[in-house]
Trainee: 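One structure, pasted below without further comment.
The sequence lines fix the lettering, A, B, ..., with proteins before strands; numbering per chain opens at 1. Values reported hereafter were calculated over all heavy atoms of this structure, with side chains retained and with hydrogens, waters and symmetry mates removed. Note that the structure is predicted; figures quoted are calculated from it, not measured.
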There are 2 protein chains.
Amino acid sequence: MSPTPRERARVDTMERILTSGRQQLAEHGAAALSLRAVARDLGMVSSAVYRYVASRDDLLTALIIGGYRDLAEVAEEATTGRAAPGRRFVALCEAIYSWAREHPHQYALLFGSPVPGYRAPGGTVTDAARTPAVAIQLIEEAWQSGELAVDAPMPPAGPAVRRQAKELGAALDSALPETVLIRFAAAWTQVFGVISFDLFGQFVGSFEPGDHICTFTFRTAAHTIGFSGQIPSAR
Amino acid sequence: MSPTPRERARVDTMERILTSGRQQLAEHGAAALSLRAVARDLGMVSSAVYRYVASRDDLLTALIIGGYRDLAEVAEEATTGRAAPGRRFVALCEAIYSWAREHPHQYALLFGSPVPGYRAPGGTVTDAARTPAVAIQLIEEAWQSGELAVDAPMPPAGPAVRRQAKELGAALDSALPETVLIRFAAAWTQVFGVISFDLFGQFVGSFEPGDHICTFTFRTAAHTIGFSGQIPSAR
DNA sequence: CGCAAGAGAGAGCACTGCTCTTGCAATCGG
DNA sequence: CCGATTGCAAGAGCAGTGCTCTCTCTTGCG
């Protein structure tokens, strides 16, 4: 049952390919990610890499999945502790933001324009869902302890989006009201919207540097969800 | 003073290059935009295109600027009329959303990950600023007629972001309070955040199709800004 | 031990961006 | 009006890319 040397070598080179690809991505971006460069970096010939990776896009999706895992771990780690859920939600946003600034190319790969034709939907979705799941967990905590402002004023939600929210709640096995899930979706897009704006240079000429408006927007998102009263004041 | 035939031919081929590039972009995306393909499309040899366009990135930035102009025109047209500013703001969001769905690759080029190294800052910024300027115009209208909920509860804004908002207000020659500009920034990122989420496939497995959550989020953004009471109910 | 499967090497095809040189045509100055 | 200058297009070519094919050598299993 112990792995043969060949198998060991295989997973080892596979790992080296992924590591090199990750490095290429971090340094030069997804557009410059080249299988030949990875091969050069590893001291092998380009055709040999195809024994491990079916195509360039294949490597890219592997890196995407790894990125989602990375981010999810950061998110899970950032929300440990006993602070109020609202504070932990803001901490989660800040952690995502920090990760994005430290790994801008990875972030762009995950949340920027899809690179090839479209996102590969395979195992990507489950890994991608981990990070929002952390946020929903916080909301659920706040709701169960009665800390969530469920009746905060909000625009009316149409029947279609209510149904989607209901189905999502069922799929997540969550007892949260649909309105809360809907508000969460709106707030969640806000969090990533402001991070993307900052990283992709949309704040040039206005709110620059963007970290202050990001901090404010994270609190606004928490407010939108209903974490009112627990939001830490800005530094 | 009349343009010589040579000059006419020059601007003509320049236009044809841009048109072909726009088409390439719309059909196959920015990654597949190829100067050689443009040359083939126009029946000329690739080196000849370099008489008109310095590089591939050069053509790309030209298309970016054109995209910003396109979007700005859509935005300006969508906000004509005498409806309440809040309603016109939502109409603006919907118009942006429609444009994005009709031109997903252009939208990705403008608001997705920056393609080459970084966004060319030259004349891009002024064109990019036109669309948010439309929104700010609406806010100003609402404010001047006292329709804006200036005292709506909001998270505290730190001194840094207040200063940025003050400078932005001065640059825009706007009399709006800083808090309103800050709230606008947070709401604006929300609008583009939800559109990007939808177009880039982040709603797969949750709020799919995304148009309903987009509609709701646009209203939430309007609510965040302070257009309360004027927001049209969902269909 | 022998033979099939795995792994790397190399050549090669079609494509890309971009540069350089060459030849032709239009424009302008005298 | 004619020669010189300038602008434009074409072609070849370089370096790089993704990907496929064949060939060779090693590994490991029966």
Trainee: Toward the 5' end of DNA chain C, which comes first, A/G43 or A/R36, by nearest nucleotide?
Mentor: A/G43
Trainee: Using the C1' atoms of five pairs at each end, what's the angle between the two axes of the helix from C/dC1-D/dG30 to C/dG30-D/dC1, to 10 degrees?
Mentor: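 End axes: 0° apart.
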Trainee: Excluding sequence neighbours, so at least two apart, what forms ring pair (Phe, Tyr, Trp, His ring centres under 6.0 Å) with B/F184?
Mentor: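 With neighbours one apart ignored, the set is B/W188.
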Trainee: Examine the base of C/dG6 for any acceptor or donor lying under 3.5 Å from a partner atom in the side chain of A/R51, and report the outcome as yes or no.
Mentor: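 No, the side chain and the base share no sub-3.5 Å donor-acceptor pair.
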Trainee: Would you please name every residue forming a side chain to side chain donor-acceptor pair (under 3.5 Å) with B/R88, sequence neighbours left out?
Mentor: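 Residues passing side chain to side chain donor-acceptor pair (under 3.5 Å) with B/R88: B/E141.
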Trainee: In chain order, what residues pass the side-chain contact (heavy atoms from CB on, under 4.5 Å) check against B/L176, with sequence neighbours excluded?
Mentor: B/I136, B/I139, B/E140, B/W143, B/S174, B/V180, B/L181
Trainee: Excluding sequence neighbours, so at least two apart, what forms ring pair (Phe, Tyr, Trp, His ring centres under 6.0 Å) with B/F216?
Mentor: none
Trainee: Donor-acceptor pairs are to be reported for all side-chain atoms of residues 19-26 of chain B against protein atoms at under 3.5 Å, with residues two or more places apart or in another chain.
Mentor:
residue	atom	partner	partner atom	Å
B/T19	OG1	B/E15	O	2.9
B/S20	OG	B/D41	OD2	2.8
B/Q23	NE2	B/E27	OE2	3.3

Trainee: Base, sugar-phosphate, or nothing: which does A/L59 touch, judged by heavy atoms less than 4.0 Å apart?
Mentor: nothing
Trainee: Please name all residues satisfying side-chain contact (heavy atoms from CB on, under 4.5 Å) with B/A91, sequence neighbours left out, ordered by chain then number.
Mentor: none
Trainee: Between atom OH in B/Y50 and atom P in C/dT16, what is the gap in whole Å?
Mentor: 11 Å
Trainee: Could you tell me the separation between the NE2 atom of B/H28 and the C1' atom of C/dC15, rounded to a whole number of Å?
Mentor: 15 Å
Trainee: Which of residues 10-20 of chain B sit near DNA chain D, with a heavy atom under 4.0 Å from it?
Mentor: B/R10
Trainee: Need two values: the first and the last nucleotide of DNA chain D, 5' to 3', having an atom under 4.0 Å from any heavy-atom of chain B.
Mentor: D/dT6 to D/dG13
Trainee: Checking all strands, does B/S46 fall into the base, sugar-phosphate, or nothing category for heavy-atom contacts under 4.0 angstrom?
Mentor: base
Trainee: Enumerate the side chain to side chain donor-acceptor pair (under 3.5 Å) contacts for residues 42-55 of chain B, please, sequence neighbours excluded, ordered by first and then second residue.
Mentor: B/T13-B/Y52
Trainee: So what does B/S47 hit on the nucleic acid, given a heavy-atom distance under 4.0 Å: a base, only sugar-phosphate, or nothing?
Mentor: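 Base, at least one base heavy atom under 4.0 Å.
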Trainee: Please work out if A/L42 contacts a base, only the sugar-phosphate, or nothing of the nucleic acid, heavy-atom cut-off 4.0 Å.
Mentor: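 A/L42: no heavy atom of the nucleic acid under 4.0 Å.
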Trainee: Go through the structure and list residues passing side-chain contact (heavy atoms from CB on, under 4.5 Å) with A/R130, not counting sequence neighbours.
Mentor: A/R69, A/A72, A/E73, A/E76, A/D127
Trainee: Output all residues satisfying side chain to side chain donor-acceptor pair (under 3.5 Å) with A/Y97, sequence neighbours left out; order by chain, then residue number.
Mentor: A/R101, A/D198
